[in-house]
**Student:** 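For reference, the structure I am asking about is given below.
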Amino acid sequence: MGKLGDFLHKYGMKFMLWFEPERAAGGSPIVNEHPDWFYGGKDGGLLKLGEPDVLKWTIEHFDGLIKSSGVDIYRQDFNMGPISSWRGNDAPDRQGITEIRHVEAYYAYWDELLRRNPHLLIDTCASGGRRNNVETLRRSVPVLRTDFAQEPIGNQCHTYGLSMWVPFYGTGQNATSAYDERSALSPIFGLGGDARKPDLNWGLIKQTKKEWQALSACMLGDYYPLTRYSLDKKSWLAMQWDVPEKAKGAVQVFRRDEADEDGIALQLRGLEPDADYEIRNLDEAKPNVIKGKELMDRGLRVLVKSKPGAAIVTYRKVKR
């Protein structure tokens, strides 16, 4: 892996490597050497991370891999249900103690990796987003927020809800359609596609990159849901991100498969009533200039003719 890390760094890229340190399969070297370190014994399974000697070995082993491989981004996965192992290890009047010790060790493990490797970034990737809790997110970001990542309405609603609590997260999308791509845009965004295929839609990929750059530049700003949350195919969904210190923002709008109306009025938030704002719909050639008060009172009118369809609207305050 060290040769791969060197190659990537030579060309100015970062090296992300995917780990799963909390379990091992039966027959693997560490299980054969230390079956007592696993709840499944010689069959492996969940690592007894809460035991001091096990935690010490885990830190040393994976810190060595990070250093020898030149890892910049450490991705940790966790693809098993641990609760039966933890509960089976505790007496009836001690239920939860093994779980507590494991979770304490999990945070201590990350803290030590970060102390030893100040450059390191951690990507939490655990059973499809099932570890996106406060203490985990103090130390990491979910580059893939969930494994449920290829369905547009689900993606829209993930962004709608997660943005209220977690400002920085990511997902990805295969190059399929503009609606699917826009439904998945997030602060971190990955585009998938087989570059060897002659029919790969490079035009869509390039367009999505431009749209992501315009939207993500605002997605760490103040967040305002502009419609009610809904999974209904007959509804619209819209969200706003406002960056007051830069006097700009962006709006995402989705018309679902069965929504009858071809337009919606959205009352924007956080604007200066007396200021003029240049409004630019990425699907239209010319921008408009509208007063902040009108955008907040009467609302921004957005037309989406296709069904389903999506629009991205950016705005900035006009300097006088």
Side-chain angles (χ1 to χ4, degrees), residues 1-31 37-38 40 44-49 54-55 57-82 85 102-103 105-133 135-150 155 158 162 166 168-175 184 186-196:
M1 286 294 178
K3 292 182 179 179
L4 178 57
D6 290 343
F7 177 84
L8 294 171
H9 294 151
K10 178 181 177 180
Y11 290 95
M13 292 183 280
K14 299 291 186 181
F15 185 21
M16 175 191 282
L17 192 56
W18 203 332
F19 296 90
E20 190 173 0
E22 293 164 278
R23 70 168 180 165
S28 58
I30 188 61
V31 174
W37 285 7
F38 295 86
L46 183 66
L47 182 69
K48 296 180 179 179
L49 190 63
V54 178
L55 174 60
W57 176 87
T58 305
I59 291 170
E60 296 298 333
H61 179 73
F62 288 96
D63 177 58
L65 290 174
I66 289 166
K67 287 182 167 61
S68 65
S69 303
V71 172
D72 302 293
I73 304 171
Y74 168 96
R75 164 174 273 198
Q76 182 163 322
D77 211 336
F78 188 42
N79 288 304
M80 67 176 299
S85 297
H102 186 107
V103 174
Y106 153 65
Y107 295 138
Y109 166 62
W110 275 12
D111 287 342
E112 184 62 14
L113 290 185
L114 292 169
R115 188 190 71 81
R116 296 186 182 195
N117 304 277
H119 73 287
L120 192 68
L121 301 175
I122 297 179
D123 165 22
T124 176
C125 172
S127 296
R130 297 184 186 185
R131 254 187 182 167
N132 291 339
N133 55 69
E135 287 299 326
T136 292
L137 297 180
R138 288 181 189 275
R139 298 162 170 84
S140 65
V141 296
V143 173
L144 185 67
R145 62 191 179 186
T146 174
D147 286 347
F148 189 75
Q150 299 295 328
N155 270 322
H158 290 148
L162 196 58
V166 181
F168 198 58
Y169 55 84
T171 189
Q173 183 62 242
N174 293 328
S186 55
I188 313 169
F189 185 68
L191 275 165
D194 189 340
R196 298 168 298 181

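What you see is a predicted model, and the numbers here were worked out from it, not measured in a lab.
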**Student:** Checking the side chain of Thr124 only, and the main-chain atoms of Pro142 only, is there a donor and an acceptor separated by less than 3.5 Å?
**Tutor:**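 Pair absent, no side-chain N/O of Thr124 close to backbone of Pro142.
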**Student:** In the structure I gave you, are the side-chain heavy atoms of Gln173 and Gln150 within less than 4.5 Å of one another anywhere?
**Tutor:** yes
**Student:** Could you check whether any side-chain heavy atom of Leu144 comes within less than 4.5 Å of a side-chain heavy atom of Thr171, counting everything from C-beta outward?
**Tutor:** yes
**Student:** Report the relative orientation of the aromatic rings in His61 and Trp57; use parallel for angles under 30°, tilted for 30 to 60°, perpendicular for over 60°.
**Tutor:** parallel
**Student:** First locate atom CG of Asp111, then atom CG of Leu113, and finally report the distance between them rounded to the nearest 0.5 Å.
**Tutor:**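 Atom-to-atom, Asp111:CG and Leu113:CG are 9.0 Å apart.
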**Student:** Nearest 0.5 Å please: distance from the OG atom of Ser69 over to the NZ atom of Lys3.
**Tutor:**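 Spacing of OG (Ser69) from NZ (Lys3) equals 12.5 Å.
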**Student:** Atom NZ of residue position Lys67 - does it have more than 12 heavy atoms of other residues, nucleotides or ligands inside 6.0 Å?
**Tutor:**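 Atom NZ in Lys67 is crowded, with more than 12 foreign heavy atoms closer than 6.0 Å.
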**Student:** Rounded to the nearest 0.5 Å, how far apart are CG of Leu46 and NE2 of His102?
**Tutor:** 5.5 Å
**Student:** Less than 4.0 Å between a side-chain N and a carboxylate O, is that true for Asp6 and Lys10?
**Tutor:**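 The answer is no: the pair does not qualify as a salt bridge.
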**Student:** Within the 4.5 Å heavy-atom criterion, are Leu8 and Met16 side-chain neighbours or not?
**Tutor:** no
**Student:** Report the distance from atom CG of Leu47 to atom OG1 of Thr58, rounding to the nearest 0.5 Å.
**Tutor:**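 OG1 of Thr58 is found 4.5 Å from CG of Leu47.
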**Student:** Take the angle between the ring planes of Tyr74 and Phe19 and call it parallel below 30°, perpendicular above 60°, tilted in between.
**Tutor:** parallel
**Student:** Nearest 0.5 Å, please: how far is CG in Leu120 from CG in Asp72?
**Tutor:**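 So the CG of Asp72 and the CG of Leu120 are separated by 8.0 Å.
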**Student:** Is it the case that more than 12 heavy atoms not belonging to Met1 sit under 6.0 Å from its CE atom?
**Tutor:** no
**Student:** Could you tell me if the side chain of Asn132 sits less than 4.5 Å from the side chain of Tyr169, heavy atoms only?
**Tutor:**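 Tyr169 does not reach Asn132 side chain to side chain.
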**Student:** For the atom pair CD1 (Ile73) and NE2 (His119), what is the distance rounded to the nearest 0.5 Å?
**Tutor:**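 Here the rounded value is 9.5 Å.
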**Student:** Tell me whether the count of non-hydrogen atoms from other residues, nucleotides or ligands lying under 6.0 Å of CZ in Arg139 goes above 12.
**Tutor:**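 Yes, CZ of Arg139 has more than 12 neighbouring heavy atoms, counting only those of other groups under 6.0 Å.
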**Student:** Take Met80 and Glu22, measure what side chain to side chain contact (heavy atoms under 4.5 Å, CB included) needs, and give me the verdict at the end.
**Tutor:** CA-CA 9 Å; Met80 67 176 299; Glu22 293 164 278; over 6 Å; no
